[in-house]
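Data block below; observations after.
When a ligand or atom number is given, it counts from 1 through the structure's own listing order. Position 1 is the first residue of the sequence; numbering continues from there. Just so it is clear, the values below take in all heavy atoms, side chains as well, and ignore hydrogens, waters and symmetry mates.
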Amino acid sequence: MAVIGVMDSGVGGLSVFREIRRLLPSEHYIYYADNAHCPYGEKTPEYIQGRLRAITDFFISRGAAAVVLACNTATAAAIECLRKEYVIPFVGMEPAVKPAALGTETGVIGVLATAGTLKGSKYLNTKGRFEDHVKIVERVGKGFVELVESGKLTGPEAEATVAAALEPLLAEGADRIVLGCTHYPFLLETLRKVAADLGHCDADFIDPAPAVAKRLVQVLEERGISAVDCNPGTELFASGNDAKLKEFYASLCQGSGII
Ligand code: DGL
């Protein structure tokens, strides 16, 4: 039976989970929001590694055969040590620098992510591979995670917060913006509105979630993990307020049937 654990510091990982469920509707999922410790963005790698060990042990105690770190910051801080310490496979996030670099017409790409992700060696290595070909400009999405966690996805406060990070990237000529944190796709409507208001209707926002879901399918195939005899379904857990997680999940389900 294939139980798959999916984690994030909060509701952001649901932007990845909805893509996973689209591709693999018959598995049994445990989604864990570590919202008592959210945001992860400014925490030390050691702290995040400790959280990830506890969450992985929880998933394994519930029969998980694979774990998805649906969190760029957790991937940057912890995926390498988790892979050394556990036998089960881990799938993590990869900022979508490559598709952005291939698609840009201005030769400038923007990356929005947390401070932890932008400092991590995974991102710095990826950036190093493309820097000779395109200019890469970055901003921390300051306050973005808090907006999403509180359900303020649109409106004046969301627009002002988004504009503070997005405007400098657009001003430097970025026409492809990588969403390097799994919370940010939930702000897409506001990101598009702010870009249009600033005269950049052509700005394209790139979410790596579909690629991560495809990677999970590959990993399960490679490891011979299948959904046979599995009870399809989703269980939701949170280290803090689980009402917020359940409410957000329900609104996604009702909104468009995407989960
Ligand atoms: N959604 C997470 C990420 O992808 C975590 C954001 C945070 O907790 O700061 O980076």
Side-chain angles (χ1 to χ4, degrees), residues 5-20 31-52 54-56 67-80 82 90-97 100 110-124 126-127 138-153 158 161-162 164-165 177-188 190-191 205-213 215-216 236-241 244-245 248-249 252 259:
V6 181
M7 69 70 58
D8 179 46
S9 62
V11 296
L14 292 173
S15 68
V16 182
F17 179 58
R18 64 185 170 186
E19 298 299 331
I20 293 173
Y31 184 91
Y32 190 93
D34 195 14
N35 56 5
H37 304 266
C38 183
Y40 275 4
E42 307 282 337
K43 303 236 173 14
T44 64
E46 293 72 25
Y47 183 91
I48 296 171
Q49 287 160 14
R51 291 305 308 146
L52 264 295
I55 295 166
T56 301
V67 171
V68 180
L69 306 191
C71 174
N72 293 74
T73 316
T75 305
I79 202 159
E80 278 175 30
L82 294 171
F90 292 87
V91 174
M93 302 301 300
E94 178 93 38
V97 172
V111 179
L112 288 170
T114 67
T117 297
L118 294 177
K119 277 189 282 200
S121 56
K122 203 173 160 72
Y123 170 69
L124 294 174
T126 307
K127 183 180 164 183
E138 297 147 358
R139 281 291 179 287
V140 170
K142 209 165 183 311
F144 287 24
V145 169
E146 290 81 353
L147 281 175
V148 175
E149 287 296 313
S150 59
K152 291 182 198 148
L153 307 183
T161 305
V162 161
I177 311 287
V178 175
L179 300 179
C181 167
T182 56
H183 280 75
Y184 300 176
F186 291 121
L187 293 168
L188 204 48
T190 298
L191 285 158
F205 295 92
I206 304 178
D207 176 6
V212 172
R215 179 69 196 134
L216 175 65
L236 302 173
F237 294 92
S239 54
N241 180 353
K244 256 170 44 177
L245 170 65
F248 201 94
Y249 181 82
L252 281 182
I259 282 192

CD1 of Ile55 to CG of Asp34, rounded to nearest 0.5 Å, is 4.0 Å

Which of the ligand 1 atoms, numbered from 1, are nearer than 4.0 Å to a heavy atom of Pro39 = 7 (C), 8 (O), 9 (O)

Ligand 1 contacted by Cys181 (non-hydrogen, < 4.0 Å) = yes

One finds that the ligand 1 atoms under 4.0 Å from a non-hydrogen atom of His183 are 1 (N), 2 (C), 6 (C)

Basic-acidic side-chain contact under 4.0 Å: Arg215, Glu94 | no

Smallest separation among heavy atoms of His37 and Ser239, with atom names | CD2-OG, 3.9 Å

Answer yes or no: are there more than 12 heavy-atom neighbours, outside Glu42 itself, under 6.0 Å from its atom CD?
-> no

What atoms of ligand 1 come within less than 4.0 Å of a heavy atom belonging to Asp8?
-> 1 (N), 2 (C), 5 (C)

Region of Thr182 engaging ligand 1 - heavy atom pairs below 4.0 Å = both

Validation row: Tyr40, Cys71 side chains within 4.5 angstrom (heavy atoms) = yes

Which of the ligand 1 atoms, numbered from 1, are nearer than 4.0 Å to a heavy atom of Thr114 | 6 (C), 9 (O), 10 (O)

Count the heavy atoms belonging to other residues, nucleotides or ligands that lie under 6.0 Å from CD of Gln49, then report whether that count exceeds 12.
-> yes

Less than 3.5 Å between some nitrogen or oxygen of Thr73 and one of ligand 1, yes or no?
-> yes

Do the two ring centres, one from Phe248 and one from Phe186, sit under 6.0 Å apart?
-> yes

Identify the closest protein heavy atom to atom 7 (C) of ligand 1: which residue and atom is it, and at what distance?
-> Tyr40 N, 3.3 Å

Side chain or backbone of Ser9 under 4.0 Å from ligand 1, or both, or neither, by non-hydrogen atoms?
-> side chain

Looking only at protein heavy atoms, what sits closest to atom 9 (O) of ligand 1 is Gly41 N, 2.8 Å

Test Leu245 against every option in Tyr31, Tyr32, Phe237 by the side chain to side chain contact (heavy atoms under 4.5 Å, CB included) rule and name the one that passes.
-> Tyr31

Any idea which atoms of ligand 1 are less than 4.0 Å away from a heavy-atom of Val145?
-> 6 (C), 7 (C), 9 (O)

Select one of side chain, backbone, both or neither to describe which atoms of Asn72 lie under 4.0 Å from any atom of ligand 1, heavy atoms only.
-> both

